[in-house]
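Here the structure is a predicted model, which is why all the values come from computation and not from measurement.
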Amino acid sequence: MDSQSVSTKLSLIATAERLFAEHGINAVSLRKIAADAGQRNDNAVAYHFGSKQGLVDAILEHRQVPIDARRLALIGAFDREGRGDDPHAIAEAFVRPLAELLVGAPSGSWYLRFCVQAAYTVHSDVATLTLTDLEARPGTHGLAVLRERAYRVLREVLPEPLVAQRWWHFTGFVAHALADLEGRRNTGDTRELGSTELFVAGLLDSAAAVLTAPCRPSTARLAWTEAGSAVSGG
């Protein structure tokens, strides 16, 4: 692929990420993306990515590969320290690579809000991203490792029927918290949140708490009752 084509694709990816984050995936047309990226060809997105789904996939891969490399490096460092299964280490390896996108983009970033749009809204022309889908994509090995370790931690404090649900709570909590911080940083309104460093430190503590919080006996009973009904077909 020649350098001009690579440059065009990266421009389209960056523009689409921003527009999707700010307006939602459904609300942004491929023609709008091409125009905002400075492309005179209205069909530039279709030419380079095939469809809006192809463009969404390209944004994810563009971001996930370096995020995964950083996440795996953190996992390796925590393993060498002998705390790879510590809830705070799991939380940090999940949060830190995402938070560093904010720090590394002083002029603004949009990936966290794009992720929330992709994973937590229903779209007319692209598939809603699920955690299972995400782990099947390139650049998500570290995420799969963290999920396995988190499940071990969660099984110490929760009945089995609640383990996958709590992991969903954990990832959703982190994603929405960072997306909110990202949006506030872009508007300059972070007064009540403190510095980014302090926000991330507090988020790490809160995320680890989500992983280690026990459930009430009544919740456990409900979980086992529903699990039993599902097995029996009730």
Side-chain angles (χ1 to χ4, degrees), residues 60-106 109 111-112 115-116 119-120 129-182 185 190 193-217 219-220 223-224 227:
L60 289 167
E61 184 169 349
H62 174 69
R63 292 295 195 180
Q64 285 172 342
V65 171
I67 286 171
D68 194 54
R70 173 64 171 141
R71 184 165 283 146
L72 288 169
L74 286 170
I75 291 171
F78 294 143
D79 284 348
R80 289 189 293 274
E81 295 170 5
R83 59 190 191 100
D85 284 338
D86 178 78
H88 285 84
I90 294 169
E92 184 162 0
F94 185 85
V95 171
R96 186 71 66 185
L98 299 173
E100 287 171 350
L101 289 177
L102 308 181
V103 178
S109 59
Y111 181 63
L112 280 307
C115 285
V116 168
Y120 296 98
L129 183 67
T130 68
L131 282 171
T132 301
D133 295 334
L134 189 62
E135 288 186 14
R137 294 173 179 271
T140 57
H141 178 59
L143 181 61
V145 171
L146 289 183
R147 178 179 57 79
E148 292 174 4
R149 295 183 181 194
Y151 273 33
R152 289 199 292 269
V153 170
L154 292 169
R155 288 186 174 112
E156 294 179 0
V157 295
L158 295 175
E160 184 64 30
L162 292 175
V163 168
Q165 182 195 87
R166 182 66 68 85
W167 174 246
W168 189 89
H169 289 163
F170 168 82
T171 57
F173 167 68
V174 170
H176 281 85
L178 288 175
D180 182 53
L181 176 63
E182 181 182 75
R185 278 173 57 92
T190 60
L193 302 180
S195 67
T196 299
E197 180 181 8
L198 178 60
F199 181 92
V200 172
L203 178 60
L204 290 173
D205 293 337
S206 299
V210 170
L211 288 176
T212 57
C215 68
R216 295 171 297 165
T219 304
W224 284 119

(request) Starting at CG of Asp85, measure out to CZ of Arg83 and round the result to the nearest 0.5 Å. (result) 12.0 Å

(request) To the nearest 0.5 angstrom, please state how far the CZ atom of Arg63 sits from the CG atom of Leu101. (result) 5.5 Å

(message) side chain to side chain contact (heavy atoms under 4.5 Å, CB included), that's the test. Do Leu60 and Tyr111 meet it? Break it down for me.
(response) CA-CA 9 Å; Leu60 289 167; Tyr111 181 63; 3.8 Å; yes

(message) So Phe173 and Leu203, do their side chains get closer than 4.5 Å, heavy atoms only?
(response) yes

(message) Quick one, His88 with Asp205, criterion side chain to side chain contact (heavy atoms under 4.5 Å, CB included). Give me CA distance, side-chain angles, the key distance, then yes/no.
(response) CA-CA 7 Å; His88 285 84; Asp205 293 337; 4.0 Å; yes

(message) To the closest 0.5 Å, what do you measure between CG (Leu154) and CD (Glu156)?
(response) 9.0 Å

(request) Work out which heavy atom in Val157 is nearest to a heavy atom in Leu211; give both atom names and the distance. (result) CG2-O, 3.8 Å

(message) Side chains of Asp86 and Phe78, heavy atoms from C-beta outward: is any pair under 4.5 Å?
(response) no

(request) Taking all heavy atoms of Ala227 and all of Pro161, pick out the closest pair and write down the distance. (result) CB-CG, 3.8 Å

(message) For a quick test of reading the model, state the closest non-hydrogen atom pair linking Leu162 to Cys215 and the distance between them.
(response) CD1-SG, 3.8 Å

(request) Identify whether NZ of Lys or CZ of Arg in Arg166 sits under 6.0 Å from the centre of the six-membered ring of Phe170 and within 45° of that ring's axis. (result) no

(request) Name all pairs fulfilling the side chain to side chain donor-acceptor pair (under 3.5 Å) condition that reach into residues 69-80, sequence neighbours left out, sorted by first residue then second. (result) Arg70-Glu100, Asp79-Arg149

(request) Please name the pair of heavy atoms, one in Ile75 and one in Gly142, separated by the smallest distance, quoted to 0.1 Å. (result) CD1-O, 3.8 Å

(request) Considering non-hydrogen atoms only, spot the tightest contact between Ala99 and Val200 and give its length. (result) CB-CG2, 3.7 Å

(message) Heavy-atom count check: over 12 atoms from other residues, nucleotides or ligands less than 6.0 Å from Glu81 CD?
(response) yes

(request) Locate the shortest heavy-atom distance separating Pro87 from Val153; write the atom from each residue and the value. (result) CG-CG1, 3.9 Å

(message) What's the separation between atom SG in Cys115 and atom CG in Leu178, rounded to the nearest 0.5 Å?
(response) 10.0 Å

(message) Using only atom types and a distance under 3.5 Å, with no angle test, would you say the side chain of Thr140 pairs donor to acceptor with the backbone of Leu143?
(response) no

(message) Nearest 0.5 Å, please: how far is CD in Gln165 from OG1 in Thr219?
(response) 9.0 Å

(message) Please check this pair: side chain of Glu182 against backbone of Leu112, looking for a donor-acceptor N/O pair closer than 3.5 Å.
(response) yes

(message) Between Thr171 (side chain only) and Trp167 (backbone N and O only), is there a donor and an acceptor less than 3.5 Å apart?
(response) yes

(request) Indicate yes or no: at least one non-hydrogen side-chain atom of Leu204 is less than 4.5 angstrom from one of Arg96. (result) yes

(message) I need the Leu146 CG to Leu74 CG distance, nearest 0.5 Å.
(response) 9.0 Å

